[in-house]
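One structure is given below, encoded as structure tokens.
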Amino acid sequence: MTRSASSAASLPAFQTGAILAALGVALGAFATHGLKATLEPGLLANFETGVRYQMYAALALLVLGTQSAQKRAPVLLLAGAVIFSGTLYILALTGLKWLGAVTPIGGVLLIAGFVLAAVDFRRSG
């Protein structure tokens with residue numbers, strides 16, 4: 001498959017989505033096989049929620065990476081995934097409960113990224 005100049009502009013979003021998805025699969029396997037015996041169920045559920053939302057963001061980035069008009073939403077989605085999922089991973093592994101106050105910031109960024117993707121798609125089409 002060849003890339004045109006317009007699709008090359010969004011290639012970083014696609015590549016980032018692919019990497020985020022690969023990490024999501026690896027982290028999900030780590031949770032299932034490595035953490036299941038060591039974490040209490042509530043903390044394991046937090047970790048798994050982080051993986052699930054990381055995968056949502058990854059899939060969105062893969063799709064948005066095919067759309068040259070999508071330049072703003074991928075940034076918000078990546079930041080949201082890093083903050084939302086990252087704080088859940090750290091919370092689950094360390095028990096630092098204060099991170100629960102930071103996690104919603106990532107959620108807001110994810111929501112904003114999805115809304116902005118819709119707005120930018122509407123404007124470009």
Side-chain angles (χ1 to χ4, degrees):
M1 182 167 129
T2 61
R3 293 185 302 227
S4 67
S6 64
S7 67
S10 59
L11 188 59
F14 187 89
Q15 291 173 325
T16 302
I19 292 167
L20 205 60
L23 286 172
V25 171
L27 289 167
F30 173 64
T32 299
H33 301 292
L35 297 177
K36 197 172 201 172
T38 60
L39 287 183
E40 66 180 59
L43 292 176
L44 184 60
N46 285 341
F47 196 96
E48 290 171 343
T49 297
V51 171
R52 186 170 54 252
Y53 280 81
Q54 178 176 330
M55 289 302 291
Y56 295 154
L59 294 172
L61 287 170
L62 288 170
V63 171
L64 294 177
T66 66
Q67 307 296 313
S68 62
Q70 295 290 342
K71 293 181 179 42
R72 303 179 303 169
V75 174
L76 291 175
L77 290 169
L78 178 59
V82 168
I83 294 169
F84 185 86
S85 297
T87 57
L88 288 177
Y89 298 148
I90 295 169
L91 185 148
L93 295 173
T94 66
L96 296 174
K97 295 193 186 292
W98 64 267
L99 284 170
V102 179
T103 305
I105 295 169
V108 168
L109 289 171
L110 285 168
I111 293 166
F114 283 114
V115 170
L116 191 56
V119 169
D120 286 349
F121 182 78
R122 173 96 171 139
R123 287 183 181 167
S124 70

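Residue numbers start at 1 and run along the sequence shown.
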Problem - Those residues that, when tested against A60, pass side chain to side chain contact (heavy atoms under 4.5 Å, CB included) (two or more places apart) - result: L77, F114
Exercise for the section: Would you mind listing the cluster partners of I111? Hydrophobic ones only (ILVMFWY), side-chain contacts under 4.5 Å, chaining allowed. Expected result: V115, V119
Completion exercise
Cluster membership besides V63, Ile/Leu/Val/Met/Phe/Trp/Tyr side chains within less than 4.5 angstrom, sorted by chain and number, is none
Do [X] and [Y] sit in one hydrophobic cluster, given that two such residues count as connected whenever their side-chain heavy atoms are within less than 4.5 Å of each other, even indirectly?
{"X": "L110", "Y": "L27", "result": "no"}
{"X": "Y53", "Y": "L78", "result": "yes"}
{"X": "V82", "Y": "L88", "result": "yes"}

Handout entry: Min side-chain heavy-atom separation L35-L43 under 4.5 Å
Key = no
Exercise for the section: Would you indicate whether the side-chain heavy atoms of L62 and L59 approach each other to under 4.5 Å? Expected result: yes
Fill in the blank from the handout: By salt bridge (Lys or Arg N to Asp or Glu O under 4.0 Å), R72 pairs with (sequence neighbours left out) D120
Taking all heavy atoms of [X] and all of [Y], pick out the closest pair and write down the distance.
{"X": "L61", "Y": "G17", "answer": "CB-CA, 3.6 Å"}
{"X": "L99", "Y": "L91", "answer": "CD1-N, 3.8 Å"}
{"X": "V51", "Y": "G24", "answer": "CG1-O, 3.4 Å"}
{"X": "A21", "Y": "A58", "answer": "N-CB, 3.4 Å"}

In Å and rounded to the nearest 0.5 Å, what is the [atom1] to [atom2] distance from [X] to [Y]?
{"X": "L116", "Y": "Q70", "atom1": "CG", "atom2": "CD", "value": "7.0 Å"}
{"X": "L44", "Y": "T49", "atom1": "CG", "atom2": "OG1", "value": "9.5 Å"}
{"X": "L23", "Y": "S85", "atom1": "CG", "atom2": "OG", "value": "11.0 Å"}

Exercise for the section: Scan for side chain to side chain donor-acceptor pair (under 3.5 Å) pairs involving residues 100-110, sequence neighbours excluded, and state none if there are none. Expected result: T87-T103
Completion exercise
Here the ring-ring contact (aromatic ring centres under 6.0 Å, His included) pairs for residues 18-48, sequence neighbours left out, are F47-Y89
